[in-house]
Each structure stands twice: as structure tokens, then as C-alpha cells.
There are 2 protein chains.
Amino acid sequence: MLDQPGSTETIGEKTYRRIRSDIIFGRLPPGQKLRLERLSAQYETSIATLRELLNRLLVEGLIVAEGQRGFEVMPVSAERWQEIAAMRELLECHALRQSIEYGDVEWEGRVVAAHHKLATLEKQLLAGDRSQTETWKRYDWEFHHALISCCGSKALLDTHSAIFDKYLRYQIIAVVFRGDAAAREHRELLKAALKRDADAATAVLVKHIRDCVQYTIKSGALAS
Amino acid sequence: MLDQPGSTETIGEKTYRRIRSDIIFGRLPPGQKLRLERLSAQYETSIATLRELLNRLLVEGLIVAEGQRGFEVMPVSAERWQEIAAMRELLECHALRQSIEYGDVEWEGRVVAAHHKLATLEKQLLAGDRSQTETWKRYDWEFHHALISCCGSKALLDTHSAIFDKYLRYQIIAVVFRGDAAAREHRELLKAALKRDADAATAVLVKHIRDCVQYTIKSGALAS
DNA sequence: TCAATAGGTAATTTCAAAAATATATGATGA
DNA sequence: TCATCATATATTTTTGAAATTACCTATTGA
């Protein structure tokens, strides 16, 4: 019997990932009131099931709940954006140093592969094709995740993932596309990682993150 | 009308804090199977309400849920313990540096006050009175939290709190009491913070955390 | 004796409706 | 006109039970 993966997946789980994705990719905008009945109709689930996953997103900091007045999508602000970026910097730089120290050849292979996929898509983007934003962002995540995957701490990777997704939401909201700057930084990151130059790699990463924040804040996409 | 705080508090919220506390303080031991019906009777709540807060604890990493086979309290291991301690070290050292840089006189006041309460209780503990472990641990948290309270990032404080509680769980499980070593380190931490010596403060903090981990692992309290 | 399967039991997951709470509407009195 | 209070509506919170899935036991056949 072919035990197809996901056959055991609960519908609450599927709806959870769906709503989570809708928040991160801005289809549920910041501050949006999340009325249970409306969501129940929209996502075709019962209210009790919805409340379960809403409570998850609450702990993740993607939605807020005030007393008995229901849920809404976490609002955005320039301050929060900077805090999240600083958190990513702290976590990812630390993980990157560890990963560069502990990574083996198989790690290098994963990094090279992930960068190849990302670079290919970035070329398309530079050519003007903006149709695959979600795939691009997934490849971006896969590359950064591959880089830190040998840090040796599941706790660190989990915390980083949570922060990264919030970072991603701000990027999407601000519709960030910094020309070929990001693509060049990705190449530099790859080069430094393969040379096992942790100082250079973290320096590029810090610039990568800070420039992105400065770019979006200057563009005024976030009403502080 | 006296709007007493907590009057608006939902029963799901109360039960959440109760179960969370029961996990952290070991009254619900690691690996414990959490049968819905049993919990429903024990905590006097409906199953749906329970599932809401169980989903929260799931995201927090205090319980695990495997497929459709229900929930159980997150197991412990020496590896996880070291990862959590390393995370606390990373987050708290960074926050401490920032807080020492930005903290004002009011911050100093909070730190001194928190240390006074903690030191008083530690004196009782050294005298042999082990009855107030929970209060002691709360004061310990309040002191460390006061130290980093001026780091300027809510995101950092939130992430730190989550990790600190998991760290606390391991301390409780291992029944840690390192004589007066911890109390002395708290005094050194206070002194370095007031002198605004970030290097000295983080050095003490790192020792504080690492010694605690080494002590408990050597004692064999955790079956790896 | 062992593996495989079928049936029954126990658990989780999902739902729809009742209870509790908050918000909006309109009437009353100063 | 404005604030206050009572009423009605809308929304959230909680519940108890139905539907689904996993687990255990025993029977069958080799």
C-alpha cells in the first residue's frame, strides 16, 4: 500500500498553512479583522477548527487577539520591521558562523544547489518577469536555510525560521525588488561560505539585511 | 466601577497558563501523554477549549503532536538542553549589551530592586528553606528580565522569554541548586551592569549559564 | 508458531448550536 | 444638545456530541 505523504494530514493543518501563507504574502493585509463566521465561509471550515489555528498564529506573532474582541492580522510598523530585521541578523549571523565551521562537503553541495535555483530565478526577475514572486521567495529562503543548515542546533533553526517568515511578510508588503543588488550579495555569500570565510560571509549578510530595511523604509512603504 | 483586572479573562486563558505552568514546573512530566478526556476532567474544561491552548503550547515547543495521535509533553534530552542554553546565551548576552548601553537611571532602579528581592530569597534558600522554589524562579526571571529590559526590542524580549521558560523547565527537572555559586554570579552581574561594563557582564552571564548546564548534565539528571 | 486480516474499542478531529460577552441603536432626562 | 441607560444585535467563547481515524484483540490460514 502506497502510504502517500499527507494522506494523514488533518484539514486544520491544511487550513493553518493556507491562512499563514495568506498573511505572509499579504492576501490578508495587516490590521485586517478576522471575523470567525466570514473566515468559516471563506476557508470552508468550522469555527472551532479555525480557532485552533488562529491560536497558533497568535503565538507566532502573526495575528493579535485583544481580550474577547476577536482576532486580527498583526499590524506593521517601521519600528517592528527594524526589530525583526535585527533579530534575523543576530540569529542568522550566529548560525552562519557555526554552519561554516561545521559544514561538510554535502553541506557545500546543498548550498551550491540552492544558490543555482535562486540565481536562475533572479535572472528571470531581472529580465522583467515578475510572475513567480512566491517561488522566488521560497528559493531565497531555501538558500539562506541551506547556508545555516549545519549550525548544529534545531532550536536555533526553528527560531530563525519563525523570524524569517515575519521578515518575509514585510518584504512582500513593501514590494521589495532591489535590482541586481540582492542577487550580487547572494553570489558573494556563496563565495564566502565556500571559502569558509565566516567574517566575510557575515559582513555580506549584515549588509544584505540592512540595505533591504533601509531601502524599504526610505521608499515609505510602511506608514510608521 | 472598579474594572478589576482579569475580570475580562477567558477561561481558556486561565487554563492555558495553568497547564503551561504545570509543564514548566514538572507537574506534567516530559513525555506525558495528554489525553483530551482526562485533561478535560482534570482542568474542568471542554475538549475544544483544551485543543485551543494545546495548539498554542505546540507552537511554543512545550508539547508535541504527532499526526492524528494526539498530544504529549515535549520530551527532554541533554542535546536539547544544551541547544536551549546556547540560545539563551546568544539572546540574553546580546540584549544585555544593548540594555547596558541604553539603560537609564530608572533601569538601574529596576535592576537593583529585582536583585534585592532575589538575593533575599536566595539567602533563605541557603539557610535550607526549599519551600518557595516557584517564587525563587520567578524572582530569578524578574532579575534577568530587568537587566535586559532596556534592550530596545520587543521582538528580542519576547523571543528571550520563550527560551527562558524552556530553560527553566530543564532547571526544574534537574532540581538544580548550585549552592551559593548562582547567588554570587547574580551579585557580580548586578555590579557589572551598574558599572556599565558590558564585557564583564556578558562574561559572568556566559559562565552562569554554562556552569548550570555542566552541573546538571554531570549530575546525570537527564537521560540522554 | 507466525503473519495477516477483520472486528471492536478508544482516541482524536470536526462540527453545529448554546452561552457569554461586546457593540450598536434608540429612548429618556437634564 | 449632551450624557446616560436600557434594549437589541452581532461576535466571540464554550459546550456536547457526531464523524473520523488509530489502536488493540482475536481469529484464520499457512
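Reckoned from all heavy atoms, side chains included, excluding hydrogens, waters and symmetry mates. Each chain gets a letter, A, B and so on, in the order its sequence line appears, and its residues count up from 1.
Between the axis at the start and the axis at the end of the helix from dT1(C)-dA30(D) to dA30(C)-dT1(D) there is an angle of 0°, using five pairs per end and rounding to 10 degrees.
Every residue two or more places apart in sequence or in another chain was checked for a salt bridge (Lys or Arg N to Asp or Glu O under 4.0 Å) with R18(B), and none qualifies. Under the rule for a ring pair (Phe, Tyr, Trp, His ring centres under 6.0 Å), the partners of W136(B) that lie at least two apart in sequence or sit in another chain are F177(B). By the salt bridge (Lys or Arg N to Asp or Glu O under 4.0 Å) test, E13(A) pairs with R56(A), sequence neighbours left out. For F71(B), there are no ring pair (Phe, Tyr, Trp, His ring centres under 6.0 Å) partners at least two apart in sequence or on another chain. Here E60(A) pairs with R20(A) under the salt bridge (Lys or Arg N to Asp or Glu O under 4.0 Å) rule; sequence neighbours left out. Residues passing the salt bridge (Lys or Arg N to Asp or Glu O under 4.0 Å) test with E83(A), sequence neighbours excluded: none.
At whole-Å resolution of the value, CG in L39(A) and P in dT11(D) are 12 Å apart. Atom CD of E37(A) is separated from atom C1' of dA22(C) by 16 Å (rounded to the nearest Å). In this structure, E72(A) atom CD and dT11(D) atom C1' are separated by 14 Å, rounded to whole Å. F71(A) has its CZ atom 9 Å from the C1' atom of dT12(D), to the nearest Å. L50(B) has its CG atom 11 Å from the P atom of dT12(C), to the nearest Å.
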Would you list the protein and nucleotides 6-10 of chain D atom pairs, both N or O, that sit under 3.5 Å from each other?
none

What are the atom names and distances for every N/O pair under 3.5 Å that joins the protein to nucleotides 15-19 of chain D?
residue, atom, partner, partner atom, Å
dT15(D), OP2, S46(B), N, 2.9
dT15(D), OP2, S46(B), OG, 3.0
dT15(D), OP2, T49(B), OG1, 3.4

Protein N or O to nucleotides 6-8 of chain C N or O, pairs below 3.5 Å:
none

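The residue among R69(A) and L36(B) whose nearest nucleotide of DNA chain C is located toward the 5' end is L36(B).
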Exercise for the section: Run the numbers on Y43(A) and T49(A) for side chain to side chain contact (heavy atoms under 4.5 Å, CB included), then give the verdict. Expected result: CA-CA 11 Å; Y43(A) 291 96; T49(A) 304; over 6 Å; no
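The six-membered or imidazole ring of H94(B) lies away from that of H94(A), with a centre-to-centre distance of 6.0 Å or more. For H145(B) and H160(B), the ring centers sit 6.0 Å or farther from each other.
Side-chain atoms of W107(B) do not come within 3.5 Å of backbone N or O of I148(B) as any donor-acceptor pair. Checked by atom type and distance alone, the side chain of T45(B) never pairs as donor or acceptor with a backbone atom of S40(B) at under 3.5 Å.
Close to dT12(C), at under 4.0 Å from its OP1 or OP2, lies no side-chain N or O of Q68(B).
In summary, K154(B) and D158(B) engage in a salt bridge, as defined by a charged side-chain N under 4.0 Å from a carboxylate O. Of the charged side-chain nitrogens involved, none lies within less than 4.0 Å of a carboxylate oxygen, so that R138(A) and E134(A) do not count as a salt-bridged pair.
Atoms CG and OG, from L168(A) and S21(A) in turn, are 9.5 Å apart once rounded to the nearest 0.5 Å.
Other residues, nucleotides and ligands contribute only 12 or fewer heavy atoms inside 6.0 Å of the CD atom of E37(A).
Put simply, the side chain of W141(B) does not reach to within 4.5 Å of the side chain of K137(B), judged on heavy atoms. Contact annotation: the side chain of N55(A) never approaches that of R51(B) to less than 4.5 Å [non-hydrogen atoms, C-beta and beyond].
Near-neighbour residues of DNA chain C inside residues 51-66 of chain B, defined by a heavy atom below 4.0 Å, number-ordered: R51(B). The stretch residues 15-23 of chain A has no heavy atom under 4.0 angstrom from DNA chain C at all.
Residue T10(A) has its side chain nearest to dT14(C) when only dT12(C), dT14(C), dT12(D) are considered.
Between H186(A) and the choices H116(A), H115(A), H144(A), the ring pair (Phe, Tyr, Trp, His ring centres under 6.0 Å) rule is met once, by H144(A).
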